[in-house]
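All remarks here apply to the structure that follows.
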Amino acid sequence: MSEIKKIKNLKEFSTSADRFEGANLLCPGCAHSIIVREVLNATHDPLILAASTGCLEVCTAVYPYTSWDNSWIHIGFENGSTAIAGAEAMYKARKRKGKLPKSCEGKTPKFVAFGGDGATYDIGFQWISGCFERGHDMMYVCLDNEVYANTGGQRSSSTPIGASTTTAPAGRVSYGEKMMKKDIVGIMAAHGAPYVAQVAPNKWKDMVKKIQKGFETEGPVFINAMSACTTEWKFAPDDTIAISDLATDSLVFPLYEIENGTKLRITYRPKNKVPVRDYLGAQGRFKHLFKPQYEYLIDEWQKMVDERWEYLQRREEASV
Amino acid sequence: MAEKMELNEVEVWDGNMAASQALRQAQIDVVAAYPITPSTPVVQNYGSFLANGYVDGEFVMVESEHAAMSGCVGAAAAGGRVATATSSQGFALMVEVLYQASGMRLPIVLVVVNRALAAPLNVNGDHSDMYLGRDSGWIQLDAYNAQEAYDLTLMAFRIGEDVDIRLPVMVHQDGFITSHTAENVRPLSDDEAYAFIGEYPMVNAMLDLAKPVTYGVQTEEDWHFEHKARQHHDLMTKVFGKVEEVFDAFEKKTGRKYNIVEEYFMDDADVAIVALGTTVDTAAYVAEKLRKEGIKAGVVSPRLIRPWPHAQMMEALKGVKAVACLDRSSPNGAMGMLYNEVAATMYQSDSKPVITNYVYGLGGRDFTVEHAENIYKELAANAEAGKPTTPLQQFIGLRGPKLSFY
């Protein structure tokens with residue numbers, strides 16, 4: 001097992017590796033690049049990376065350029081997980097045969113796949129489930145921006161109720177998305193994965209700890225990272241971290257981890273809990289909820305978030 | 001280190017076992033697979049070799065054929081020898097990733113045990129899946145029997161992994177007719193086979209930490225055309241020579257001769273059947289028989305289906321008066337693939353034979369000696385008349401009213 005990287009402060013952390021270049025085509029204010037840098041910078045270990053089709057992929061490897069200073073592969077929308085699982089299998093096979101490249105000597109590469117919520121919750125779900133059931137030694141990071149952002153803002157099964165999207169638009173007789181967001185963290189934990197966690201880029205220390213824990217874990221690790229989307233959530237590009245703060249402090253996006261499919265631990269408890277109304281009000285995609293006929297949904301949102309928080313706390317207390 | 005397997009000079013193997021023995025001897029690093037009839041035994045056998053210490057690679061039993069090829073792509077990009085097997089619906093599910101594999105220039109070997117495509121669901125052999133893959137940028141080789149399935153699978157590694165080629169290769173065999181029929185097969189010893197294929201030449205490996213690589217980039221209108229054109233160019237200009245070179249090396253080693261386009265009794269043939277798979281042997285048997293009756297019959301078969309051997313095919317059919325192209329796949333609204341390919345090729349030839357299309361054997365329907373005899377007799381009539389005496393496209397061995405077009 002390799003040595004865990006020690007990180008003192010944010011300035012040092014943000015400049016401690018150059019494995020993901022600032023030169024990319026992501027929107028100004030996109031949380032994807034923040035999350036990717038936080039994941040890659042959390043370790044000294046060499047990384048072998050994959051991405052599913054999505055914003056991250058189309059904005060970081062446009063021929064003849066690449067933003068990646070580690071080996072990186074993209075196949076399709078659904079199979080980033082299996083691509084990295086294949087690479088991990090190759091590493092094991094070549095290691096056993098003593099046929100790894102010289103540059104691998106004394107090093108243990110880690111295998112990481114990134115996918116958006118579409119690639120994770122929807123089209124790629126079967127592939128991820130397969131990888132986790134087979135126990136590949138890999139980390140899967142979902143960049144959860146709750147919408148198909150790359151194709152222009154269609155709803156995914158991660159889109160929360162009441163959000164207005166291009167395929168579930170709010171209108172005269174509709175408040176937008178009707179379905180609840182899928183509980184991907186719970187589903188992945190139910191695979192019995194050794195480590196599953198929910199993270200947000202604004203809570204970078206919490207994120208680093210979890211990523212490092214994930215890299216130390218043998219077997220499949222699932223990280224659900226909230227990725228605020230300036231374009232589809234409709235907020236100003238310099239508000240990404242402020243929006244993320246509202247999400248974690250309102251407990252709309254609670255931060256916790258689950259070990260071995262059962263043992264849940266909450267990793268962030270806001271000192272001053274913010275009303276959900278503040279989180280919704282800061283984003284254009286929920287603007288219509290503040291009209292009189294839909295305002296009841298804001299109360300329902302608050303109730304839903306409170307109930308979920310209660311559930312997480314009880315799960316933690318039960319310590320099973 | 002994997003144990004060697006002691007093989008007899010002649011083994012009794014079916015086509016599936018022949019292919020899996022070749023995979024074993026290649027000492028593949030990763031097999032990612034999902035079972036489907038009739039190719040299931042290929043990967044089952046591989047699992048059994050693994051369980052008994054005859055291979056020491058990784059066997060990843062994934063949750064679908066799409067994932068099988070996805071895992072193969074990731075593993076091949078990581079830098080090692082990769083293979084899998086499939087048929088029919090599984091092949092169809094893989095198609096998206098087949099394009100990714102060839103576009104990334106990854107030398108994966110895929111054993112395709114050919115089977116019909118649903119609906120209606122059918123597990124038996126025809127060439128619908130083979131035709132479905134024909135534009136996917138893979139090199140496609142066709143075996144007519146178990147011996148050839150073994151030989152061509154070994155050769156596939158050497159062809160695809162060549163640093164000038166770096167393309168994935170499919171080796172086809174007929175579902176059940178070849179895959180499940182036990183035949184005498186003369187294998188190479190493990191050492192000979194491995195020496196023939198050679199060590200995997202690790203190129204642009206993701207696992208080479210000193211030299212990071214980016215696979216599967218995005219291109220727009222400014223570069224996509226160049227990439228596709230380069231891939232096509234290499235298929236059309238480099239593969240024929242490489243395949244010939246490997247065929248020659250294999251002949252020197254084993255005495256077994258393969259050609260890019262196989263010809264039987266073609267030296268002075270007036271009439272020829274063009275076919276694929278097990279039908280080639282049936283047609284050759286009938287051609288030999290009919291020659292005693294005064295019909296100068298022959299058989300031509302593209303051993304290499306992709307890239308299409310335009311020049312070799314033209315040469316093989318030079319001077320032939322009438323040709324029947326036998327397609328074992330539903331043409332679904334067109335002339336059959338072989339008809340279209342052969343007709344396009346012969347349009348450029350000085351000799352322009354009368355070409356007709358026969359659709360046969362769908363879903364495992366038998367193709368008999370009588371069928372072949374009838375076709376040759378119709379060809380003889382076409383040759384004499386210098387024009388088609390029958391419809392351009394006919395279905396053979398079909399119950400109910402005769403179906404023919406044009």
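Values below: every heavy atom of this structure, side chains too, minus hydrogens, waters and symmetry copies. Just so it is clear, the model here is predicted, and its values are computed rather than measured. Below, chain A is the first sequence line, B the second, and so on; all start at residue 1.
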- Got B/Val217 and A/Thr66 here, is their nearest side-chain heavy-atom distance under 4.5 Å? no
- Item | Residue pair A/Asn79 / B/Gln100, side-chain heavy-atom distance below 4.5 Å | no
- Let me know if B/Glu220 has heavy atoms under 4.5 Å from chain A in its side chain, its backbone, both or neither. neither
- Counting distance only, does the side-chain N/O of A/Arg96 pair as donor-acceptor with the main-chain N or O of B/Gly57 below 3.5 Å? yes
- Check: B/Val73 and A/Ile73 side chains under 4.5 Å, non-hydrogen atoms: yes
- Sub-4.5 Å side-chain heavy-atom contact between B/Asp208 and A/Lys102: no
- Item | Toward chain B, the part of A/Leu49 with a non-hydrogen atom under 4.5 Å | backbone
- Side chain from CB out, backbone as N, CA, C, O: work out which of these in B/Val97 comes under 4.5 Å of a heavy atom of chain A, or both, or neither. side chain
- Centroid-centroid under 6.0 Å between B/His227 and A/Tyr63 rings: yes
- Side chain, backbone, both or neither: which part of A/Ala85 has an atom under 4.5 Å from a heavy atom of chain B? neither
- Message: Counting heavy-atom pairs under 4.5 Å with chain B, which one of A/Ile48, A/Leu47, A/Thr60 comes out on top?
- Response: A/Ile48
- Begin with the C-alpha distance, continue with both residues' side-chain angles, and end with the deciding distance and a verdict on side-chain contact (heavy atoms from CB on, under 4.5 Å) for A/Thr82 and B/His66. CA-CA 10 Å; A/Thr82 314; B/His66 191 293; over 6 Å; no
- Measure distances from B/Met104 to the heavy atoms of chain A and classify the residue's part below 4.5 Å as side chain, backbone, both or neither. side chain
- Separation of A/Lys107 NZ from B/Leu207 CG (nearest 0.5 Å): 13.0 Å
- Message: I'd like to know which of A/Lys97, A/His136, A/Lys92 tops the heavy-atom pair count under 4.5 Å against chain B.
- Response: A/Lys97
- Selection from A/Ser129, A/Ala83, A/Pro46 maximising heavy-atom pairs under 4.5 Å formed with chain B: A/Ala83
- Task: Would you please name every residue forming a side chain to side chain donor-acceptor pair (under 3.5 Å) with B/Gln89, sequence neighbours left out?
- Result: none
- Query: Is any side-chain heavy atom of A/Gln126 closer than 4.5 Å to a side-chain heavy atom of B/Glu63?
  - Reply: yes
- Would you mind checking which part of B/Ala67 comes under 4.5 Å of any heavy atom in chain A, side chain (CB onward), backbone (N, CA, C, O), both or neither? both
- Task: Can you tell which part of A/Ile75 gets under 4.5 Å to a heavy atom of chain B, answering side chain, backbone, both or neither?
- Result: both
- Message: For B/Tyr99, is the OH atom crowded, meaning more than 12 foreign heavy atoms sit under 6.0 Å from it?
- Response: yes
- Query: Would you say A/Arg134's side chain and B/Val60's backbone share a donor-acceptor pair under 3.5 angstrom?
  - Reply: no
- Message: Measuring only between side-chain heavy atoms, which start at C-beta, is B/Met206 closer than 4.5 Å to A/Asn70?
- Response: no
- Query: So do B/Glu58 and A/Glu88 actually touch side chain to side chain, heavy atoms under 4.5 Å?
  - Reply: no
- Message: Could you check whether any side-chain heavy atom of A/Met90 comes within less than 4.5 Å of a side-chain heavy atom of B/Val82, counting everything from C-beta outward?
- Response: yes
